[in-house]
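Please read the structure below before turning to the comments.
Counting starts at 1 for both ligands and their atoms, following the listed order.
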Amino acid sequence: MSRVWNFSAGPAALPQSVLEQAQRELLDWNGSGASVMELSHRGKLFMGLAAQAEADIRELADIPADYAVLFLQGGATQHFAQIPMNLAGEGDTADYIVTGHWGEKAASEAAPYVKVKIAAHSRDEGYMRLPERASWQLDPRAAFVHYTPNETIHGVEFHAVPEVGDVPLVADMSSDIFSRPLDVRRFGLIYAGAQKNIGPSGLVVMIVRRDLLDRATRPMAKIFRYAEHAANDSMLNTPNTWGWYLAGLTFKWMKEQGGLAAMATHNDAKAAKLYEAIDSSNGYYRNPVALESRSRMNVPFTLHDSKLDPLFLQESEAAGLLALKGHKAVGGMRASLYNAVPLDAVKALVAFMQDFAARHG
Ligand code: PMP
């Protein structure tokens, strides 16, 4: 068996020790004689797992008691629509800060449920920098402010939580959750598809201030109502038990590594190494994002001659470097450096990039 260095944007690399534990326990989990996937979510064993995962995520991210933690389904995309259904009433407006592809999607999917106001965007700059905070047109009466702290495709990231006054701040943290310490109190609602920094796809982790759960006044089925999920400990219907289990293992892994501060140190070192290699390549490789807005999680880069792209991809794959092809919206390459990607993976990538440049100069 040979494992490659995995730079996938998502579903993405998981910690090797988590996968090994899951493998060891696959046929007989926790002495049950069955796989965790084969057990009732209402059984004592699984309920214990669910409670432990919640305790671990609360400790990991220092989540206050007045915030609920939900383990949901539907991907971040479903919650683009479900968040305004729950947080806004008829006739309300919401402010959207659009700094890339996913912020655009969030705003357009929200439009049937709330009056979407684009309070700031950087579309005219090709999403290569963040809009100056002073230019944001925030409405103090808005139901919430939505933003995307890390844009997975464009590789732009907020390095501080924006100040938005008393309006609840909603963050799509799909591609940067738990990559650094998190001050939950700054947010009304945080949500993330699990498939980058938490576990497999098919699971969404949401952290929501409990008072906001009472806002959902419009008629809707229970399954759409976050308050119902909270009241039922995310077991309103059958949850993604396998995803919940792997998320729990990943929370424990992050704690063992030293928690979110250790994740930040590790992620900063990886990103610094790759950006340094790009910036010192005399234009052979290029990252177009403004220095202060560069993402630590997703690093898009182009080659000086795009005709070399297919060769770069072919050779990198042969060298055991997986999934470097950039998103079609921006072209070129992209290396995603989530928590579970080791520094050695970045070292291997940088060595390959330097060797490639020397051979195809
Ligand atoms: N938001 C962000 C920031 C993402 O990176 C992605 C997926 N790459 C999504 C939302 C959409 O997630 P999903 O496919 O789980 O709906």
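- For atom 7 (C) of ligand 1, the nearest non-hydrogen atom from the set Phe80, Trp102, Tyr191 belongs to Trp102.
- Given atom 12 (O) of ligand 1, the protein heavy atom at minimum distance is Ala76 CB, 3.7 Å.
- The nearest heavy-atom contact from the protein to atom 15 (O) of ligand 1 is Gln195 NE2, 2.9 Å.
- Leu45 approaches Ser32 most closely through the heavy-atom pair CD1-CB, 3.6 Å.
- When only interatomic distances are considered, the shortest N/O to N/O separation between Asn150 and ligand 1 does not fall below 3.5 Å.
- Contact annotation: for Gln78 versus ligand 1, there are no heavy atoms closer than 4.0 Å.
- Between Thr152 and Asn298, the side chains place no donor N or O within less than 3.5 Å of an acceptor N or O (distance only, hydrogens not considered).
- Neither the backbone nor the side chain of Glu151 comes within 4.0 Å of ligand 1, counting heavy atoms alone.
- For ligand 1, the polar-atom distance check against Ser175 finds no nitrogen or oxygen pair separated by under 3.5 Å.
- Residue contacts with ligand 1: Thr148 is placed with no nitrogen or oxygen under 3.5 Å of a nitrogen or oxygen of the ligand (distance criterion only).
- By the criterion of a heavy-atom distance under 4.0 Å, the side chain of Ser174, and not its backbone, is placed next to ligand 1.
- When Thr152, Leu203, Ile177 are checked for heavy-atom proximity to atom 4 (C) of ligand 1, Thr152 turns out nearest.
- For His154 and His327, the gap between ring centers reaches or exceeds 6.0 Å.
- Leu212 forms part of a hydrophobic cluster together with Leu70, Leu72, Phe80, Ile83, Leu87, Tyr96, Val98, Trp102, Val114, Val116, Ile118, Tyr127, Phe144, Ile153, Val170, Leu189, Tyr191, Val204, Met206, Val208, Leu213, Tyr226, Val330, judged by ILVMFWY side-chain heavy-atom separations under 4.5 Å.
- Ring centroids of Tyr284 and Phe301 are separated by 6.0 Å or more, keeping the two rings apart.
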